[in-house]
Amino acid sequence: MVELKTLNLKVGHGIEGDINADPISPRQLLIVRYEDILDLSIKPGELRENILVAGIEFENFIPGSLLNFESGAAIRLTFYCEPCKQIAHLVKSLKSIQGKRGILGVVIKSGQIQVDSNFQVQANKFPALSENPYKRFLNFIIKIPNGKVVTYKQIIKGIGVDNSYLRAIPTYLKKTSAADYPVHRILDSKDYLITYVNNQKNKLETEGIKVFLEGNLLSNTNKSFVDTKDYLWEDNTMYLE
């Protein structure tokens, strides 16, 4: 990471120039409270935070709060960043940094911020996102509209988890009620239909989505897929309001 005196925040994107910026992610930035790392004897930057803030009361620095900067830029705090093995060497135990690892956020108003920028905090301005990835998964897929599809990779971005969670998506799907959630609108990472989603092909076609068949002469099998360029759902405003 590079230390900068100025950051350009861009709505529907994140930090301008950041390779991790993504329009549908609820973790466009990581904000850490200076008082928390001071208590833990952690130096600025060691948690790989994007922004370090000071002067916020602990009870106001919570998911759901809104940070308004004097430039007009604004950040919605979404959910706590989970302590992980990458920072284990900085603390006696990961439990000791629970709730102090920083909070992830989304840019909801563009603007430039710099060192010593003034800002205000509005607590509980938004609903906090669940700390449970499965609940964020449910909250994400319930929004997929009729006639649209998403892939595993989009889900990973949209619920704000690491790529290692790709392995968890099949488990999530198997325990999710198809009567309550549109699981048939989910494709795997290669745009194929999912074998354990019942009647997926018919459901998609009923919604006007064209499903194609790909044959494999060597294995004598057929796989159904969707041309996602025509039907992919992307909502860059999901976490803006």
Side-chain angles (χ1 to χ4, degrees), residues 7-15 18 20-40 42 44 47-84 87 94-144 155-162 180-181 235-241:
L7 290 179
N8 290 314
L9 305 184
K10 186 177 178 182
V11 66
H13 180 77
I15 299 173
D18 183 5
N20 296 312
D22 192 282
I24 68 170
S25 175
R27 57 186 309 153
Q28 293 175 349
L29 332 90
L30 173 61
I31 301 95
V32 167
R33 198 177 77 109
Y34 175 69
E35 290 83 355
D36 291 333
I37 63 171
L38 187 64
D39 289 344
L40 295 166
I42 295 173
L47 294 179
R48 301 187 67 79
E49 69 272 11
N50 300 111
I51 300 172
L52 186 66
V53 295
I56 303 179
E57 295 296 330
F58 182 76
E59 59 269 22
N60 292 332
F61 188 61
I62 53 175
S65 292
L66 177 66
L67 305 185
N68 288 301
F69 293 86
E70 58 186 337
S71 65
I75 299 171
R76 171 190 177 178
L77 303 184
T78 51
F79 60 96
Y80 287 105
C81 186
E82 58 280 1
C84 61
I87 62 163
L94 291 179
K95 187 176 181 180
S96 69
I97 200 172
Q98 192 76 38
K100 296 183 177 183
R101 169 70 176 87
I103 305 179
L104 297 154
V106 172
V107 178
I108 66 166
K109 289 184 181 178
S110 300
Q112 187 179 88
I113 64 172
Q114 54 191 7
V115 174
D116 295 329
S117 285
N118 292 320
F119 64 92
Q120 294 182 333
V121 184
Q122 290 178 271
N124 302 307
K125 180 69 174 177
F126 296 93
L129 298 191
S130 174
E131 302 301 316
N132 184 320
Y134 177 61
K135 290 183 179 179
R136 296 203 300 274
F137 166 81
L138 294 178
N139 185 60
F140 180 85
I141 67 170
I142 195 66
K143 295 180 173 70
I144 308 169
I155 292 173
I156 290 298
K157 291 180 180 180
I159 67 176
V161 292
D162 184 79
D180 299 320
Y181 294 90
D235 184 0
N236 297 350
T237 66
M238 187 183 309
Y239 299 116
L240 301 187
E241 52 188 36

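For the single chain, residues carry numbers from 1 onward in sequence order. What you are looking at is a predicted structure, and each value in this text was computed from that prediction instead of being measured.
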Chemist: What's the shortest heavy-atom distance between K157 and D22, and which atoms?
Modeler: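 Scanning both residues, the minimum pair turns out to be CD-OD2, 3.2 Å.
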Chemist: Yes or no on side chain to side chain contact (heavy atoms under 4.5 Å, CB included) for I144 and Y181, after CA distance, side-chain angles and deciding distance?
Modeler: CA-CA 9 Å; I144 308 169; Y181 294 90; over 6 Å; no
Chemist: If the condition is ring pair (Phe, Tyr, Trp, His ring centres under 6.0 Å), which residues does F79 pass it with, not counting sequence neighbours?
Modeler: none
Chemist: First locate atom OH of Y34, then atom CD1 of I42, and finally report the distance between them rounded to the nearest 0.5 Å.
Modeler: 12.0 Å
Chemist: Are any side-chain N or O atoms of E35 and backbone N or O atoms of G55, one a donor and one an acceptor, separated by less than 3.5 Å?
Modeler: yes
Chemist: Do I56 and L67 touch side chain to side chain, with heavy atoms closer than 4.5 Å?
Modeler: yes
Chemist: Looking only at non-hydrogen atoms, find the nearest pair between L30 and C81 and report the distance.
Modeler: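 So the minimum-distance heavy-atom pair works out to CD1-CB, 3.7 Å.
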Chemist: What heavy-atom pair brings G111 and A73 nearest, and what distance separates the two atoms?
Modeler: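 Of all heavy-atom pairs spanning G111 and A73, the closest is CA-CB, 3.7 Å.
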Chemist: Ignoring hydrogens and angles, tell me if any N or O in the side chain of R76 forms a donor-acceptor pair with the backbone of Y239 under 3.5 Å.
Modeler: yes
Chemist: Provide the closest heavy-atom pair for S96 versus L40 in the form atom of the first, atom of the second, distance.
Modeler: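 S96 and L40 have their closest heavy atoms at O-CD2, 3.9 Å.
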Chemist: If we only count heavy atoms from C-beta on, is the F126 to I108 side-chain gap below 4.5 Å?
Modeler: yes
Chemist: Measure from the side-chain N and O atoms of K135 to the backbone N and O of E131, and report whether any donor-acceptor pair falls under 3.5 Å.
Modeler: no
Chemist: Side-chain contact test, heavy atoms from C-beta onward, threshold under 4.5 Å: evaluate it for N236 versus H13 and give yes or no.
Modeler: no
Chemist: Show your working on side chain to side chain contact (heavy atoms under 4.5 Å, CB included) between L47 and R101 and close with a plain yes or no.
Modeler: CA-CA 7 Å; L47 294 179; R101 169 70 176 87; 3.6 Å; yes
Chemist: Checking side chain to side chain donor-acceptor pair (under 3.5 Å) between N68 and each of K109, Q122, Q120, which is the one that passes?
Modeler: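 Checked K109, Q122, Q120 against N68; only one passes side chain to side chain donor-acceptor pair (under 3.5 Å): Q122.
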Chemist: Taking atom CD1 of I87 and atom CD1 of I97, what is their separation to the nearest 0.5 Å?
Modeler: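 Nearest 0.5 Å value for the CD1-CD1 distance: 4.0 Å.
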Chemist: Look at the side chain of S130 and the backbone N and O of R136, then say whether any donor-acceptor pair between them is shorter than 3.5 Å.
Modeler: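 Pair absent, no side-chain N/O of S130 close to backbone of R136.
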Chemist: Could you please spell out the steps behind the side chain to side chain contact (heavy atoms under 4.5 Å, CB included) verdict for V121 and F61?
Modeler: CA-CA 8 Å; V121 184; F61 188 61; over 6 Å; no
Chemist: Identify the heavy atoms of G158 and P26 that sit nearest to each other, and give their distance.
Modeler: O-CD, 3.5 Å
Chemist: Rounded to the nearest 0.5 Å, what separation is found between the CG atom of L129 and the CD1 atom of I103?
Modeler: 11.5 Å
Chemist: What pairs with N124 under side-chain contact (heavy atoms from CB on, under 4.5 Å), at least two apart in sequence or on another chain?
Modeler: I62
Chemist: With rounding to the nearest 0.5 angstrom, report the CG to CG distance, L66 to L77.
Modeler: 8.0 Å
Chemist: Which atom names give the shortest non-hydrogen contact between N60 and S65, and what distance separates them?
Modeler: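 Shortest heavy-atom separation between N60 and S65 comes out as O-OG, 2.7 Å.
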Chemist: Atom CG of residue position N132 - does it have more than 12 heavy atoms of other residues, nucleotides or ligands inside 6.0 Å?
Modeler: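 Yes - once you tally the heavy atoms of other residues, nucleotides and ligands closer than 6.0 Å, there are more than 12.
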Chemist: Whether the side chain of N8 engages the backbone of Q112 through a donor-acceptor N/O pair (distance < 3.5 Å, no angle test) should be reported.
Modeler: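 No; judged by distance alone, with no hydrogens or angles, the pair does not exist.
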Chemist: When rounded to the nearest 0.5 angstrom, what distance separates CD1 in I37 from NZ in K100?
Modeler: 11.5 Å
Chemist: Would you find a donor on one side and an acceptor on the other, under 3.5 Å apart, between the side chain of R27 and the backbone of L104?
Modeler: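 Looks like no, no N/O pair under 3.5 Å.
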Chemist: Is a side-chain N or O of S25 found less than 3.5 angstrom from the main chain of G160, in a donor-acceptor match?
Modeler: no
Chemist: Is there side-chain contact between I75 and F69, with heavy atoms separated by less than 4.5 Å?
Modeler: yes
Chemist: To the closest 0.5 Å, what do you measure between CD (Q114) and OG (S71)?
Modeler: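 Answer rounded to 0.5 Å: 8.5 Å.
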